[in-house]
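The structure appears below as structure tokens.
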Amino acid sequence: GAGVSQTPSNKVTEKGKYVELRCDPISGHTALYWYRQSLGQGPEFLIYFQGTGAADDSGLPNDRFFAVRPEGSVSTLKIQRTERGDSAVYLCASSATGEYGYTFGSGTRLTVV
Amino acid sequence: AQKITQTQPGMFVQEKEAVTLDCTYDTSDQSYGLFWYKQPSSGEMIFLIYQGSYDEQNATEGRYSLNFQKARKSANLVISASQLGDSAMYFCAMRGVGGSYIPTFGRGTSLIVHP
């Protein structure tokens, strides 16, 4: 596609529920990154994919968070047993080489009530 | 570990004037890249400018320039001739080496351009 697409743009869920956030990167971009941005903060790294594999998941806060990229294109961030502290904007970015030129999606605003 | 520090939570500038947004960084890598992104109220992160650590000249992209002072570990963004549409959050970021190229972001600076 022309840009990085993230769906849904907004998600409201109840505490304890499971959510999935989707990222569709630019076609051909092998590197994909997930970030979380809390209000008034900069993006915080969650996980990085190179192709189908998670090359670095050191930013995932706990085992409730998991992400996949089974075919090396679309990625899904999965959050189990959501907590109010998970409320944030989740950003996805992709890159052709990873060296520079990261393109971000518009993000998914997650609200846990 | 990499660290980005943006000490200005908010900046104000008159339309058509220049403004400098500060960014300092800390890294033990010899090779790294520095970025600036703009985030308007719509939420998307817009790439503005990139500076490689071995680039001898400061990067420029239209009205944006990056004042890179390697010895001081600073990478300030200069916006010339500010426009009302420049009002947004601005984030400084860096990426290291090692194959992952994972960017680390600062906390951002809010810029408001007054008419």
Side-chain angles (χ1 to χ4, degrees), chain A residues 2-11 21 23 25-26 29-51 53-60 67 88-111, chain B residues 1-10 21-25 29 31-55 59 61 66 68 75 77 88-110:
Chain A
V4 177
S5 175
Q6 290 190 248
T7 54
S9 55
N10 279 284
K11 176 71 176 178
L21 312 180
C23 173
I26 292 174
H29 280 193
T30 58
L32 185 146
Y33 307 81
W34 282 100
Y35 284 82
R36 178 168 70 175
Q37 187 176 22
S38 301
L39 193 62
Q41 304 291 320
E44 294 179 295
F45 167 73
L46 294 176
I47 186 169
Y48 155 66
F49 286 90
Q50 183 59 251
D56 189 330
D57 64 357
S58 62
L60 295 178
V89 175
Y90 290 81
L91 294 166
C92 175
S94 71
S95 175
T97 64
E99 187 169 3
Y100 54 81
Y102 308 89
T103 303
F104 281 81
S106 296
T108 294
R109 182 176 298 278
L110 176 67
T111 304
Chain B
Q2 303 164 13
K3 185 177 180 181
I4 293 285
T5 301
Q6 294 181 256
T7 57
Q8 305 156 315
L21 306 184
D22 294 342
C23 173
T24 58
Y25 60 91
D29 292 335
S31 177
Y32 48 89
L34 296 154
F35 307 78
W36 278 91
Y37 280 85
K38 172 184 179 181
Q39 188 177 45
S41 57
S42 58
E44 61 183 308
M45 297 284 281
I46 302 168
F47 168 74
L48 295 179
I49 197 166
Y50 168 81
Q51 176 88 39
S53 58
Y54 288 113
D55 294 339
E61 291 285 349
L66 197 153
F68 181 45
L77 177 70
M89 285 292 294
Y90 288 81
F91 292 96
C92 181
M94 73 176 300
R95 62 111 182 113
V97 295
S100 65
Y101 298 120
I102 298 171
T104 300
F105 287 82
R107 295 186 63 169
T109 295
S110 172

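For the numbers below, each heavy atom of this structure counts, side chains included, while hydrogens, waters and symmetry mates do not.
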Between A/S106, A/G107, A/P43, which shows the greatest number of heavy-atom pairs under 4.5 Å with chain B? A/P43
Smallest separation among heavy atoms of A/Y33 and B/P103, with atom names: CE2-CD, 4.1 Å
Could I get the full list of side chain to side chain donor-acceptor pair (under 3.5 Å) partners for A/Q41, not counting sequence neighbours? B/R107
Before we go on, tell me: are the rings of A/F104 and B/Y37 under 6.0 Å apart, centre to centre? yes
Below 4.5 Å from any heavy atom of chain B, which atoms of A/Q37 appear? Answer side chain, backbone, both or neither. side chain
Select one option (side chain, backbone, both, neither) describing which atoms of B/Q39 are under 4.5 Å from chain A's heavy atoms. side chain
Ring pair (Phe, Tyr, Trp, His ring centres under 6.0 Å) against B/F68, all qualifying residues, sequence neighbours excluded: none
In this structure, CD1 of B/I102 is separated from CZ of A/F45 (nearest 0.5 Å) by 3.5 Å
Identify which one of B/F91, B/Y50, B/F47, B/F35 satisfies the ring pair (Phe, Tyr, Trp, His ring centres under 6.0 Å) criterion when paired with A/Y102. B/F35
